[in-house]
Amino acid sequence: MRWTHSFIPTMKETPEGAEIPSHVLMLRAGMISQVMAGAYTYLPLGLRALRNAERIVRQEMDAAGAVELLMPSMSPLSLWERTGRVDAFGDVLVKLTLQRPGRKVHVALGPTHEEVITDLVAHRISSYRQLPITLYHISTKFRNEERPRFGVMRTSEFLMKDAYSFDPSLESLNESYEKMYAAYCRIFERCGLEYLPVEAESGPIGGDVSHEFMIPAENGEDTVLHCRDCGYAANQERAEIRARDCAPPDVPKQPLRKVATPGASTIEQVSAFLNIRPPDLIKTLIYEADGRPIAVLIRGDHEANEGKIRRAAGAGELALAAPEVIEQVTGAPVGFAGPVGLAGKLPIYADYDVRAMANAATGANEADAHVVGVNLGRDFTAEHFADLRNAQDGDPCPRCSSKLTERHAIEGGHVFKLGTKYSEALGAKFLDQAEQQQTIIMGCYGIGINRILAGLIETSHDAHGIIWPVALAPYEVLLVPMKADEATMQAAHRLYADLQAAGVEVLMDDRDARAGVKFNDADLVGVPLRVVIGPRGLKDGQFEVKWRWEKQPAMLPVDGAATTIAGWIGEERAENRRFRAARRGGQGGVGAA
RNA sequence: CGGGGCGUGGCGCAGUUUGGCUAGCGCGCCUGCUUUGGGAGCAGGAAGUCGGAGGUUCAAAUCCUCUCGCCCCGACCA
């Protein structure tokens, strides 16, 4: 492609509103253009990169034995009512009413496709002989995000690959899951992305049955905890904290004393009012576990983890208690609950770290009052101690003796063992060898195609622009003729034709522009290999070649240049070896802001 | 949904507090000449319902009311 024949509206300045590198650079490099909040047009360069990511995903899905089909975005709302997901999704589900002669048709635009595919399988699969099977498609998904943000990272409309496995048994499901997991690893590898599969909140079957594929990035919306020593990784909801001895510090116990704290009900207010640090406060939360009130004690600076609390309490449903309930069980309005005197009234669950507190402050179970000098054993007891809070940076690793590191990350993919939730609701059953009717066991596997691009750019750019690996780059090679003289243009055109003939995706900057303009746009757009064709090199029979991540160019003889370059590109397509090496070495500013 | 910010040629902004002449600047775009290996110089030029509606006023980009849109933080969500 010639630059002048394409449509590459690069920008020197950053449009107002773009905050993070991937958004800024995609806009400036002429890859995307915003249509409205959360919806973008992919311009030619952006589309080519998107198609590359899509192609890699498709190839790996096929290689893993998944079978592609294509489902519509529209489906009848009734299908979503059958699985209860109209309510579960709420406003996130995009619903429309179609006017047809004499009637209205209620449809949903799919945020994902469990319902549609399970309905298909329910109708078309009826025997164990047809199982197992994994079906996938790549299509536009619609989610009415309350707050689209960060450019292409969180949009109302996005491209997703979603695969669904259908198995006759748990063992078979595990095999299907493993295949997808492995395929995901290859996909992220091939895209040149650093990634971290992390344990995510488990589903109805129990065990480690859900993994998120995270791309560690400064601007990621998710938080993961990672042990660099043993490799344990989990998202914040899921991350365990190693149990440890938490003896209270050996300090003199102060007397228990009630103090007035008018209007101070939050941790910040109380700590400011009493002039103590949040770690010296005990936060008392009243939950309803399957409708039964329980008290949960957490150190003031920690965050409660509802999943952990739910499991500790052995409950199916857990929710913060309503203000009336709190008032009824503690005798005080919200914000003044405390464990002192609460024993016997309701079960008390305390986080391990509460054991290590001495002379703490907490609510007095009456309005506008707290108690200080609170000590475990003397002033209150808890029936159950457990890990009830979110892990944070520096917490002990649950698998080894090291510590967890907190990292921000972009959720690029998610694999999940679904079980029978959808097959049950939509009647996807099969007849086994013993002529018994069984419910099909499902798994689902999603990858955000757009997020692959955003994640790559977030983690691979420098002050001048994007640094693409060959696998995702909109073009593999950029030719930059320096002057419009006969000899230069002839050499450029010959190389252009030779590279195209060799199957290389090549872009030639044939604009009548100054060198600086072309070089700056080359860096901005980030095509991996730049070839400069100009009188300086040509007089010695050479082109100047430079990988985007390198600082200095190298010279390459004109004779055989196309073959050499095509060889390099072929290697990079398969392995991203040079790209990876540069990233590891930090050479060329990869990853620098 | 709560808090904050911003809407002025294609892009980035000034002007708004304290109303006042044909609404400016930089970049980009068009024409010509000169230049030509890291965002050229000179000269000329096109291009703006000042987000929209209503109001106050002799006079509104500027003041008032309503409204639409975009962005950020939080909440929510998987």
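All values derive from a computational prediction rather than experimental measurement. Each chain gets a letter, A, B and so on, in the order its sequence line appears, and its residues count up from 1.
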(request) Could you tell me whether A:Tyr181 and A:His211 have their ring centroids closer than 6.0 angstrom? (result) yes

**Item:** A:Ser75 side chain near A:Val107 side chain, heavy-atom distance below 4.5 Å
**Value:** no

task: Tell me what A:Pro535 touches on the nucleic acid: a base, only sugar-phosphate, or nothing, going by heavy atoms under 4.0 Å.
output: base

With sugar-phosphate meaning primed atoms plus P, OP1 and OP2, does A:Gly537 contact a base, only sugar-phosphate, or nothing at under 4.0 Å between heavy atoms?
base

Please produce a list of atom pairs where a protein N or O lies less than 3.5 Å from an N or O of nucleotides 4-10 of chain B.
residue: B:rC6; atom: O2'; partner: A:Glu16; partner atom: OE2; Å: 2.8

Heavy-atom nearest nucleotide on RNA chain B taken for A:Met11 and for A:Arg511; more 5' hit belongs to A:Met11

Note: for A:Lys546 and A:Thr14 on RNA chain B, the residue whose nearest nucleotide lies more 5' is A:Thr14

Grab the [atom1]-[atom2] distance between [X] and [N] for me, whole Å please.
X        : N      : atom1 : atom2 : result
A:Asp485 : B:rU36 : CG    : C1'   : 12 Å
A:Arg514 : B:rG38 : CZ    : C1'   : 10 Å
A:Glu19  : B:rG12 : CD    : P     : 13 Å
A:Lys518 : B:rG39 : NZ    : C1'   : 13 Å

Please report the distance separating the [atom1] of [N] from the corresponding atom of [M], rounded so that it comes out in whole Å.
N      : M      : atom1 : value
B:rA75 : B:rC1  : C1'   : 7 Å
B:rG41 : B:rU35 : C1'   : 7 Å
B:rG39 : B:rU62 : P     : 42 Å
B:rC64 : B:rU56 : C1'   : 7 Å

Step by step, would you call A:Tyr40 with A:His23 a side chain to side chain donor-acceptor pair (under 3.5 Å)? CA-CA 11 Å; A:Tyr40 290 84; A:His23 191 193; 3.1 Å; yes

Any side-chain N or O of A:Arg536 under 4.0 Å from OP1/OP2 of B:rG37?
no

Do any side-chain atoms of residues 516-525 of chain A form donor-acceptor pairs under 3.5 angstrom with protein atoms, and if so which ones, sequence neighbours left out?
residue: A:Lys518; atom: NZ; partner: A:Pro481; partner atom: O; Å: 3.0
residue: A:Lys518; atom: NZ; partner: A:Asp509; partner atom: O; Å: 3.0
residue: A:Lys518; atom: NZ; partner: A:Arg511; partner atom: O; Å: 3.0
residue: A:Asn520; atom: ND2; partner: A:Gly516; partner atom: O; Å: 2.9
residue: A:Asp521; atom: OD1; partner: A:Thr10; partner atom: OG1; Å: 3.2
residue: A:Asp521; atom: OD2; partner: A:Thr10; partner atom: OG1; Å: 3.2
residue: A:Asp521; atom: OD2; partner: A:Arg511; partner atom: NH1; Å: 3.0
residue: A:Asp521; atom: OD2; partner: A:Arg511; partner atom: NH2; Å: 3.1

Under the criterion side chain to side chain donor-acceptor pair (under 3.5 Å), I'd like the reasoning laid out for A:Tyr164 against A:Asp162: C-alpha separation, chi angles, the key distance, then a yes or no.
CA-CA 7 Å; A:Tyr164 305 90; A:Asp162 41 328; 2.5 Å; yes

When you check every protein heavy atom under 4.0 Å of [range], what one-letter string (B, S, -) results, 5' to 3'?
range                        : answer
nucleotides 73-78 of chain B : BB-B-B
nucleotides 25-31 of chain B : -BS----
nucleotides 41-46 of chain B : ------

Quiz item: Below 4.0 angstrom, N of the basic side chain to O of the carboxylate: do A:Glu221 and A:Arg154 qualify?
Solution: yes

### Task
For the pair A:Lys283 and A:Glu268, find out whether any cationic side-chain nitrogen is under 4.0 Å from an anionic carboxylate oxygen.
no

Show the atom names and distances, to 0.1 Å, of all donor-acceptor pairs under 3.5 Å that link a side chain in residues 530-547 of chain A to residues at least two apart or in another chain.
residue: A:Lys539; atom: NZ; partner: A:Arg536; partner atom: O; Å: 3.4
residue: A:Lys546; atom: NZ; partner: A:Glu550; partner atom: O; Å: 2.9

One should read off an interatomic distance between A:Met482 CE and A:Thr488 OG1, to the nearest 0.5 angstrom, of 9.0 Å

Side chain to side chain donor-acceptor pair (under 3.5 Å) filter on A:Glu114, not counting sequence neighbours, yields A:Arg85, A:Thr112

Applying side chain to side chain donor-acceptor pair (under 3.5 Å) to A:Asp510 and not counting sequence neighbours gives A:Thr4

If you look only at distance, which donor and acceptor atoms sit under 3.5 Å apart when one is on a side chain in residues 444-457 of chain A and the other is two or more places apart or in another chain?
residue: A:Tyr445; atom: OH; partner: A:Ser165; partner atom: OG; Å: 2.7
residue: A:Asn450; atom: OD1; partner: A:Tyr42; partner atom: OH; Å: 2.9
residue: A:Asn450; atom: ND2; partner: A:Leu159; partner atom: O; Å: 3.0
residue: A:Arg451; atom: NE; partner: A:Met153; partner atom: O; Å: 3.0
residue: A:Arg451; atom: NH1; partner: A:Glu411; partner atom: O; Å: 2.9
residue: A:Arg451; atom: NH2; partner: A:Met153; partner atom: O; Å: 3.3

* To do: Identify whether NZ of Lys or CZ of Arg in A:Lys417 sits under 6.0 Å from the centre of the six-membered ring of A:Tyr177 and within 45° of that ring's axis.
  => yes

In numerical order, the residues of residues 24-36 of chain A whose heavy atoms come under 4.0 Å of RNA chain B are A:Arg28, A:Gln34, A:Met36

My understanding is that a pair needs two contacts under 3.5 Å, Watson-Crick or G-U wobble. By that rule, which nucleotide pairs with [N]?
N      : value
B:rA53 : B:rU65
B:rA46 : none
B:rC13 : B:rG24

For A:Glu178, the side chain to side chain contact (heavy atoms under 4.5 Å, CB included) test, sequence neighbours excluded, returns none

Those residues at least two apart in sequence (or on a different chain) that pass side chain to side chain contact (heavy atoms under 4.5 Å, CB included) with A:Glu288 are A:Ala321, A:Val325

Among the nucleotides B:rU36, B:rC71, B:rG38, whichever has the atom closest to the side chain of A:Tyr40 is B:rC71

Sidechain-backbone polar pair: A:Gln34 side chain, A:Met36 backbone, donor-acceptor under 3.5 Å:
yes

Can A:Glu458 and A:Ser22 be said to form a side chain to side chain donor-acceptor pair (under 3.5 Å), step by step? CA-CA 5 Å; A:Glu458 276 304 318; A:Ser22 59; 2.7 Å; yes

